[in-house]
Amino acid sequence: MHMKTVKVTRFDTASLVGILRPLYLAFKEIEDGERTCFDLSSVSFAPPLFILPLVAYLKSTGGSVSGSSPVLQSYLDCIHFPDGIDSVSGFEALAQSSKTYVPISVLKKRSGAERERLETMFSSMVLKVLGASQASSAIHYPISELVTNIIEHSKVEEGYVFGQYYPRKSYLDICIADCGKGLAGSYFDELGLKFSDTEAIEEVLKGHSTKMNTERGFGVRTSKRVVCEAMGGEFMLLSGSAVLVANKKKQQLVTLPDFHWQGVIIAYRIPKPRGPIDITPYLE
Amino acid sequence: MTLRPIWSKVVAPCGILTYMKEQSKSTIKIAEAIAPVVSSRDIVDSLEAMIRKAHSTVVELDFSDVVFVSRSAAHEFLMLREKFSTDSVVFINTDATVASMLRTVAANRAVPKAPARAPKFERISAEELFAN
């Protein structure tokens with residue numbers, strides 16, 4: 001059976017936008033759900049904002065990757081690409097063999113406490129690799145809020161989370177993704193509200209929950225504040241054809257032509273914390 | 001809703017048969033029942049069944065070894081306690097981080113904080129975004 005091949009262009013790692021660009025260019029070549037072979041021969045490594053959507057896409061559609069250099073292939077093997085780890089025992093075994101690489105974690109909605117334990121292991125390993133125990137709440141908070149958001153709203157069985165710390169650059173990249181109904185889809189299904197993808201992102205950032213409960217809906221907004229304001233990082237939220245790119249000073253909303261991600265991708269980058277970080281002022 | 005007390009038949013010294021409320025207590029260790037990091041609302045929901053099964057007048061939710069509770073989970077823990085009444089479900093052994101999250105969410109439930117002013121949304125094109 002014929003499979004389309006898409007060549008992935010090089011990443012500019014200076015910012016999340018520099019990683020989004022090759023992701024956008026690759027996926028705009030693909031029809032929704034089309035089985036695709038991603039040619040990685042032009043890239044020397046792959047950051048979480050690229051790896052995780054690729055994992056989610058390959059898992060939901062089939063498809064494959066080709067052309068990885070030996071170094072890149074070795075890295076992909078270390079992080080358990082593309083299957084990821086979906087059990088505590090699997091994560092424990094991998095954590096024993098690799099002290100540096102946090103594996104791709106597959107969080108299954110139905111597995112309940114097992115999922116929470118796997119997420120605990122993921123965020124604890126991120127904290128350990130980062131060496132930032134004094135800032136543990138600031139590390140745990142966005143991971144826990146954003147993962148629970150995806151588990152609750154995507155209406156699919158699986159969500160994915162992956163992170164990589166870059167010691168030479170002293171920053172951590174985290175990505176969380178699903179192939180669910182997306183933000184606009186959630187507002188429509190839960191509340192009957194019709195929003196465009198950009199409007200849906202705005203609503204999320206205003207703290208308007210997709211659930212009929214005024215005490216909910218703070219998770220994404222407060223996580224963005226913790227990442228951008230408390231930690232001085234960058235934050236990205238992508239759903240459908242829209243993306244929000246934010247830092248401490250600005251938030252930009254962009255429609256991505258000829259591109260559609262069925263679900264949600266959240267990515268953020270934080271510099272390594274140098275001391276304790278109080279997240280309380282950012283909570284609502 | 002409160003947990004149903006268990007009444008025992010007791011014969012008083014004067015020989016009269018009476019009933020006495022049993023003060024039974026159970027403890028659920030959150031780190032064992034869920035995980036050391038509690039994130040999701042649905043998992044906190046599942047505690048409700050465990051609390052009922054305990055058949056005790058007081059159920060202690062023991063947070064020892066819990067290192068973090070998300071805002072969403074903290075909100076769910078507080079709602080759970082309200083559902084059963086604060087006398088029958090109590091939180092114990094919360095470390096500073098967990099206690100702070102529970103207090104922050106409880107305070108905000110009582111008196112919601114005005115939302116912080118976020119930077120305005122700047123709408124730009126994909127070309128502008130990738131040109132920067």
Side-chain angles (χ1 to χ4, degrees), chain A residues 15 17-18 20-21 24 109 112-124 136-137 139-141 143-145 147-149 151-152 198 201-202 205-207 214-216 218-219 221-222 224-225 229 243-257 259 280-284, chain B residues 30-47 50 65-76 78-79 95-98 100-132:
Chain A
S15 69
V17 172
L20 176 67
R21 190 172 178 276
Y24 166 64
K109 192 172 183 168
E114 168 88 0
R115 181 192 71 225
E116 294 282 289
R117 285 179 205 126
L118 184 59
E119 193 192 320
T120 295
M121 296 190 82
F122 175 85
S123 48
S124 302
S136 62
S137 292
I139 301 298
H140 284 307
Y141 187 84
I143 296 175
S144 62
E145 286 297 336
V147 165
T148 193
N149 208 279
I151 296 292
E152 278 178 42
T198 47
I201 288 179
E202 276 191 81
L205 269 295
K206 284 177 190 164
T214 52
E215 289 186 19
R216 297 180 60 166
F218 301 103
R221 183 168 68 176
T222 50
K224 191 203 79 163
R225 292 195 67 203
E229 297 174 44
V243 64
L244 169 98
V245 182
N247 59 30
K248 195 173 187 172
K249 291 179 184 159
K250 61 182 178 183
Q251 42 186 12
Q252 297 172 314
L253 256 177
V254 185
T255 297
L256 300 169
F259 175 95
T280 322
Y282 307 99
L283 304 185
E284 291 172 29
Chain B
I30 301 298
E32 287 170 15
I34 303 177
V37 174
V38 187
S39 297
S40 307
R41 290 180 186 273
D42 64 340
I43 201 74
V44 180
D45 277 351
S46 68
L47 275 178
M50 294 173 76
D65 300 326
V66 173
V67 294
F68 188 76
V69 169
S70 75
R71 188 202 175 281
S72 302
H75 180 244
E76 213 63 28
L78 292 166
M79 299 227 294
D95 78 358
T97 308
V98 174
S100 165
M101 183 62 83
L102 289 165
R103 281 194 197 113
T104 303
V105 179
N108 203 47
R109 292 196 75 201
V111 185
K113 212 169 163 181
R117 268 200 182 168
K120 278 188 176 168
F121 291 106
E122 187 187 334
R123 287 173 188 271
I124 60 167
S125 68
E127 289 79 21
E128 287 172 296
L129 177 73
F130 295 130
N132 289 338

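Per chain, numbering begins at 1; letters A, B, ... match sequence-line order.
Closest approach of B:Ala33 and A:Ala113 over heavy atoms only: O-CB, 3.7 Å. Counting all heavy atoms, side chain and backbone alike, A:Tyr141 lies closest to B:Phe68 at CA-CZ, 3.6 Å.
A:Val254 touches chain B through backbone and side chain together, each having a heavy atom under 4.5 Å away. Of the atoms belonging to B:Thr104, it is side-chain heavy atoms, and not backbone ones, that fall under 4.5 Å from chain A. Using a 4.5 Å cut-off between heavy atoms, B:Ser72 touches chain A through backbone and side chain atoms alike. Heavy-atom distances place no part of A:Phe259 under 4.5 Å from chain B, backbone and side chain included. Neither the backbone nor the side chain of B:Ala107 comes within less than 4.5 Å of any heavy atom of chain A. Residue contact with chain B, scored on non-hydrogen atoms closer than 4.5 Å, involves the side chain of A:Leu244 exclusively. For A:Thr280, the parts lying near chain B are the backbone and the side chain together; criterion is any non-hydrogen pair under 4.5 Å. Contacts between B:Val105 and chain A at a heavy-atom distance below 4.5 Å are absent for every atom of the residue. Using a 4.5 Å cut-off between heavy atoms, A:Glu202 touches chain B through backbone and side chain atoms alike. Heavy-atom distances place both the backbone and the side chain of A:Glu116 under 4.5 Å from chain B.
Atom CZ of B:Arg103 sits in a sparse spot, with 12 or fewer heavy atoms from other residues, nucleotides or ligands closer than 6.0 Å.
With hydrogens and angles ignored, the 3.5 Å screen pairs no side-chain donor or acceptor of A:Arg117 with any backbone N or O of B:Ala31. No donor-acceptor pair closer than 3.5 Å links the side chain of A:Gln252 to the backbone N or O of B:Ile124. Listed for the A:Thr120 side chain is a donor-acceptor partner under 3.5 Å among the backbone atoms of B:Val37.
How far CD of A:Glu119 is from OG of B:Ser40: 6.0 Å, rounded to the nearest 0.5 Å. Of the inter-residue distances, the one linking B:Phe121 atom CZ with A:Leu205 atom CG reads 4.0 Å to the nearest 0.5 angstrom. In this structure, the separation between OG1 on A:Thr148 and CD1 on B:Ile43 is 10.0 Å, given to the nearest 0.5 Å. Expressed to the nearest 0.5 Å, how far CD1 of A:Ile151 lies from CZ of B:Arg41 amounts to 14.0 Å. In this structure, the separation between CZ on B:Arg71 and OG1 on A:Thr222 is 6.5 Å, given to the nearest 0.5 Å. We find the CG-OG distance between A:Leu283 and B:Ser70 to be 10.5 Å, quoted to the nearest 0.5 Å.
Contact of the B:Leu129 side chain with the A:Val245 side chain is registered, since non-hydrogen atoms from C-beta on lie closer than 4.5 Å.
For the set A:Ser137, A:Gly18, A:Gly112, the entry with the most heavy-atom pairs within less than 4.5 Å of chain B is A:Ser137. Per-residue counts of heavy-atom pairs under 4.5 Å with chain B were compared for A:Leu20, A:Ile201, A:Val243; the largest is that of A:Leu20. Of the residues considered (B:Ser39, B:Ala35, B:Ser46), B:Ser39 shows the highest number of contacts with chain A, using heavy-atom pairs under 4.5 Å.
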